[in-house]
Amino acid sequence: MAYEIRDMTGSIFANQGKVKENQPDFTGNFRIKGVDYSVAGWSKTSKAGLPWTSYKIEEKQDKTPF
(Lines give C-alpha, C1' and ligand atoms only; values in the text may rest on other atoms or scores of the structure.)
Protein backbone atom coordinates (compact mmCIF):
# COMPACT_ATOMS: atom_id res chain seq x y z
CA MET A 1 0.00 0.00 0.00
CA ALA A 2 1.46 3.37 -1.03
CA TYR A 3 1.83 6.24 1.40
CA GLU A 4 -0.99 8.74 1.05
CA ILE A 5 -0.90 12.21 2.54
CA ARG A 6 -3.95 12.94 4.66
CA ASP A 7 -5.50 16.37 4.96
CA MET A 8 -3.66 18.77 7.29
CA THR A 9 -0.52 16.57 7.30
CA GLY A 10 2.73 16.22 5.41
CA SER A 11 6.36 15.19 5.57
CA ILE A 12 9.75 16.80 5.06
CA PHE A 13 12.88 14.80 4.21
CA ALA A 14 16.58 15.53 3.75
CA ASN A 15 17.24 16.26 0.07
CA GLN A 16 19.34 13.24 -0.96
CA GLY A 17 19.73 14.59 -4.51
CA LYS A 18 21.30 17.94 -3.57
CA VAL A 19 24.25 18.68 -5.88
CA LYS A 20 24.38 22.51 -5.83
CA GLU A 21 24.69 24.80 -2.80
CA ASN A 22 21.53 26.76 -3.70
CA GLN A 23 19.31 23.64 -3.82
CA PRO A 24 17.13 22.99 -0.74
CA ASP A 25 18.45 20.94 2.17
CA PHE A 26 14.95 19.56 2.78
CA THR A 27 11.97 18.83 0.51
CA GLY A 28 8.48 17.56 1.16
CA ASN A 29 4.76 17.62 0.52
CA PHE A 30 1.73 18.71 2.52
CA ARG A 31 -2.04 18.70 2.00
CA ILE A 32 -3.96 21.57 3.57
CA LYS A 33 -7.74 21.74 3.20
CA GLY A 34 -7.57 19.41 0.19
CA VAL A 35 -4.86 21.39 -1.64
CA ASP A 36 -1.42 19.79 -2.21
CA TYR A 37 1.71 21.85 -1.57
CA SER A 38 5.43 21.31 -2.20
CA VAL A 39 7.83 22.49 0.50
CA ALA A 40 11.56 23.26 0.23
CA GLY A 41 13.78 24.19 3.17
CA TRP A 42 17.27 25.62 3.57
CA SER A 43 19.39 25.31 6.72
CA LYS A 44 20.94 28.65 7.66
CA THR A 45 22.86 30.27 10.49
CA SER A 46 22.01 33.70 11.92
CA LYS A 47 24.61 36.41 12.48
CA ALA A 48 24.49 35.43 16.16
CA GLY A 49 25.41 31.85 15.22
CA LEU A 50 21.97 30.35 15.82
CA PRO A 51 20.72 27.72 13.37
CA TRP A 52 17.39 28.24 11.61
CA THR A 53 15.53 26.99 8.54
CA SER A 54 13.82 29.03 5.85
CA TYR A 55 10.98 27.49 3.83
CA LYS A 56 9.39 28.03 0.44
CA ILE A 57 5.87 26.67 0.01
CA GLU A 58 4.19 26.39 -3.38
CA GLU A 59 0.88 24.96 -4.48
CA LYS A 60 1.51 21.90 -6.64
CA GLN A 61 0.62 22.44 -10.26
CA ASP A 62 -1.19 19.86 -12.38
CA LYS A 63 1.41 18.26 -14.67
CA THR A 64 -1.13 17.02 -17.20
CA PRO A 65 0.16 17.68 -20.75
CA PHE A 66 -1.94 19.95 -22.97
Side-chain angles (χ1 to χ4, degrees):
M1 186 167 149
Y3 173 74
E4 183 178 330
I5 298 174
R6 294 183 181 164
D7 203 29
M8 303 304 287
T9 66
S11 299
I12 299 174
F13 300 94
N15 184 0
Q16 300 295 320
K18 182 175 177 168
V19 293
K20 296 180 183 177
E21 187 62 32
N22 64 339
Q23 290 178 307
D25 297 303
F26 306 97
T27 58
N29 298 298
F30 285 80
R31 181 171 292 153
I32 301 171
K33 296 184 180 180
V35 179
D36 291 331
Y37 294 89
S38 296
V39 179
W42 290 263
S43 294
K44 300 186 178 204
T45 304
S46 71
K47 291 180 183 179
L50 300 172
W52 62 286
T53 305
S54 69
Y55 291 98
K56 179 179 181 181
I57 302 168
E58 296 181 313
E59 188 173 336
K60 282 190 170 184
Q61 302 298 316
D62 186 10
K63 294 185 179 181
T64 305
F66 292 95

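Numbering starts at 1 and runs along the sequence shown. The basis for the numbers below is simple: all heavy atoms, side chains too, and nothing from hydrogens, waters or symmetry mates.
Here the CH2 atom belonging to Trp42 is positioned 11.0 Å from the OG1 atom belonging to Thr53, to the nearest 0.5 angstrom.
By the salt bridge (charged side-chain N to carboxylate O under 4.0 Å, His left out) test, Asp25 pairs with Lys18, sequence neighbours left out. Under the rule for a side chain to side chain contact (heavy atoms under 4.5 Å, CB included), the partners of Val35 that lie at least two apart in sequence or sit in another chain are Tyr37, Glu59.
Across every non-hydrogen atom of Glu4 and Arg31, the tightest pair is OE2-NH1, 4.3 Å. Taking all atoms of both residues into account, the shortest heavy-atom contact from Phe26 to Ser43 is CE1-OG, 3.2 Å. Smallest separation of non-hydrogen atoms from Ser38 and Asn29: OG-OD1, 3.8 Å.
In this structure the side chain of Val39 never reaches within 4.5 angstrom of the side chain of Lys56, judged on heavy atoms. With a 4.5 Å cut-off on side-chain heavy atoms, Ile12 and Tyr55 count as touching.
By the criterion of side-chain heavy atoms lying less than 4.5 angstrom apart, applied directly or through intervening Ile, Leu, Val, Met, Phe, Trp or Tyr residues, Phe30 is not grouped with Ile5; the two fall into different hydrophobic clusters.
Put simply, the side chain of Asp7 gets close to the backbone of Lys33: a donor and an acceptor are under 3.5 Å apart.
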Considering only distance and modelled atom types, tabulate donor-acceptor pairs under 3.5 Å from the side chains of residues 44-52, sequence neighbours left out.
residue, atom, partner, partner atom, Å
Ser46, OG, Ala48, N, 3.3
Ser46, OG, Gly49, N, 3.4
Ser46, OG, Leu50, N, 3.0
Ser46, OG, Leu50, O, 3.4

